[in-house]
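In what follows, every heavy atom counts, from backbone to side chain, and hydrogens, waters and symmetry copies are set aside.
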Amino acid sequence: MQIWEESTIQHFYNNKNNLYVKDFNVSQRMSEATKQMVYMKYFPYIRMLPSRLFFDANSVHGVMHALRVFVLADKLAEDQKLDIQLKSILQCSALYHDIGRNNDQIDDFHGYRSYEEIRKFGIVLQKFPFKLQEIMRFVIENHPFDDQKAVENIKKYSLGDSERIEAMKVLHILKDADTLDRCRFGHINLDYLALEDSRKYVSFAYQLLTIFREKI
């Protein structure tokens with residue numbers, strides 16, 4: 001199940017006319033120089049997220065959400081020492097995990113539609129061998145579900161035992177990155193984070209909103 005409720009979405013929209021991002025109470029504040037470095041490193045990836053891929057590019061599940069999840073997933077991938085191939089799968093999953101959405105409400109099956117959109121538009125798949133494509137398909141299709149459901153579903157994919165372990169690791173990173181960006185609704189429930197490393201990025205996630213934010 002999704003980890004947010006419809007009321008938090010409505011709260012976001014009700015406050016979208018504010019012309020500022022609130023000064024979050026964070027323990028480790030980034031300097032302006034560090035913020036600029038983050039911007040310069042990650043903003044070029046925006047070219048991989050054309051507006052046509054999203055039902056509303058400026059929504060809470062639009063372009064900037066995808067970019068922030070990409071940044072957070074990239075940080076976690078480094079901590080988890082993900083190899084270069086799995087990191088590539090994770091990056092693509094982060095960028096395109098929500099392009100199948102047609103609303104901002106609870107929708108457990110938008111992951112399946114997102115992967116269909118990837119196939120339809122021919123996004124990045126040709127660069128990966130079949131097994132990596134299958135891991136990415138599993139990750140994107142199952143990121144809306146809890147672990148129990150994902151473990152049940154993984155049997156439906158053409159993956160060996162070791163590949164299932166890799167797929168679950170990538171899924172956990174993506175879901176944690178997605179959860180960390182829930183700070184855009186005002187809070188993060190740490191109980192939903194699968195990886196201990198993810199907890200140290202709470203402060204970073206809040207400040208990321210001041211670097212890459214939805215248009216007002």
Side-chain angles (χ1 to χ4, degrees), residues 1-4 45 48-49 53 60-61 65-101 106-119 123-125 127-184 188-202 204-205 208:
M1 297 294 108
Q2 295 285 3
I3 62 171
W4 41 260
Y45 289 96
M48 300 176 68
L49 294 166
L53 296 179
V60 292
H61 295 102
H65 166 64
L67 186 59
R68 291 192 301 267
V69 171
F70 175 90
V71 175
L72 291 161
D74 192 57
K75 295 287 188 183
L76 288 169
E78 293 177 6
D79 287 351
Q80 295 296 307
K81 296 180 172 54
L82 220 57
D83 69 45
I84 190 167
Q85 288 186 315
L86 290 179
K87 188 174 181 181
S88 294
I89 290 298
L90 172 65
Q91 290 174 333
C92 292
S93 298
L95 289 172
Y96 305 118
H97 70 286
D98 276 346
I99 63 173
R101 279 190 165 278
I106 295 175
D107 179 358
D108 287 341
F109 298 100
H110 73 271
Y112 290 99
R113 293 196 304 275
S114 293
Y115 196 78
E116 281 303 308
E117 290 294 293
I118 287 174
R119 293 177 62 181
I123 299 172
V124 304
L125 287 180
K127 67 183 280 189
F128 299 120
F130 173 75
K131 289 298 182 182
L132 290 178
Q133 290 184 33
E134 196 72 347
I135 290 175
M136 187 165 76
R137 181 167 77 93
F138 165 76
V139 169
I140 292 176
E141 290 182 347
N142 288 274
H143 82 270
F145 301 122
D146 60 27
D147 271 7
Q148 182 178 352
K149 181 67 173 176
V151 169
E152 292 173 3
N153 287 344
I154 202 169
K155 301 169 187 176
K156 303 173 185 177
Y157 296 80
S158 299
L159 298 170
D161 290 342
S162 62
E163 292 155 347
R164 290 179 181 179
I165 293 173
E166 292 175 334
M168 287 301 300
K169 187 172 186 178
V170 175
L171 177 65
H172 284 152
I173 295 175
L174 176 64
K175 288 180 66 175
D176 276 12
D178 206 12
T179 296
L180 285 166
D181 195 49
R182 191 175 183 267
C183 65
R184 68 198 189 280
I188 301 170
N189 188 335
L190 299 183
D191 291 338
Y192 287 107
L193 296 174
L195 305 170
E196 189 63 32
D197 281 338
S198 300
R199 292 171 177 258
K200 70 183 182 184
Y201 287 104
V202 170
F204 180 82
L208 203 55

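Ser88 is listed as a side-chain neighbour of Phe128, based on a closest heavy-atom distance under 4.5 Å. A heavy-atom distance below 4.5 Å is found between the side chains of Leu132 and Leu86. Contact annotation: the side chain of Leu49 never approaches that of Ile99 to less than 4.5 Å [non-hydrogen atoms, C-beta and beyond].
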What pairs of donor and acceptor atoms, side-chain ones from residues 164-171 against any protein atom, are under 3.5 angstrom apart with sequence neighbours left out?
| unit_1 | atom_1 | unit_2 | atom_2 | d |
| --- | --- | --- | --- | --- |
| Arg164 | NE | Leu159 | O | 3.4 |
| Lys169 | NZ | Gln80 | O | 3.2 |

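Side-chain N or O atoms of Lys87 include none that pairs as donor or acceptor with a backbone N or O of Lys81 at under 3.5 Å. Judged by distance alone, with hydrogens and angles left aside, the side-chain atoms of Arg184 form a donor-acceptor pair with the main-chain N or O of Val60 at under 3.5 Å.
From Leu90, atom CG reaches atom CZ of Phe70 across 8.5 Å, with rounding to the nearest 0.5 Å. One finds the CG atom of Asp79 at 9.5 Å from the CG atom of Leu195 (value rounded to the nearest 0.5 Å). The distance from atom CZ of Phe204 to atom OG of Ser198, rounded to the nearest 0.5 Å, is 13.0 Å. Taking OG1 from Thr179 and CG from Asn189, the interatomic distance works out to 9.0 Å, rounded to the nearest 0.5 Å. A distance of 9.5 Å separates CG in Leu208 from NZ in Lys75, rounded to the nearest 0.5 Å. With rounding to the nearest 0.5 angstrom, the NE2 atom of His65 is 4.0 Å from the CG atom of Asp178.
Contact detail for Ala205 and Cys183: the closest heavy-atom pair is O-SG, 3.5 Å. Shown here for Glu163 and Ser158, the closest heavy-atom pair between the two residues is OE1-O, 4.4 Å. Of all non-hydrogen atoms in Ala177 and Ala73, the two that sit nearest each other are CB-N, 3.6 Å.
Salt-bridge check for Asp108 with Lys149: failed, with every basic side-chain N at 4.0 Å or more from each acidic carboxylate O. Here Asp147 pairs with Lys175 in a salt bridge; the nearest charged N to carboxylate O distance falls below 4.0 Å.
Looking at His61, His143, His97 one by one, the single match for side-chain hydrogen bond (donor to acceptor under 3.5 Å, both in side chains) with His110 turns out to be His143.
Sorted by first and then second residue, the pairs that involve residues 110-119 and meet salt bridge (charged side-chain N to carboxylate O under 4.0 Å, His left out), not counting sequence neighbours, are Asp107-Arg113, Glu116-Arg119, Glu117-Lys120. Sequence neighbours left out, the pairs with a member in residues 154-181 that pass ring pair (Phe, Tyr, Trp, His ring centres under 6.0 Å) are Phe138-Tyr157.
Of the N and O atoms on the side chains of Tyr192 and Asp176, not one donor lies less than 3.5 Å from an acceptor on the other residue.
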Before giving the answer on side-chain contact (heavy atoms from CB on, under 4.5 Å), spell out for Ile173 and Val139 the whole-Å C-alpha distance, their side-chain angles and the decisive distance to 0.1 Å. CA-CA 10 Å; Ile173 295 175; Val139 169; over 6 Å; no
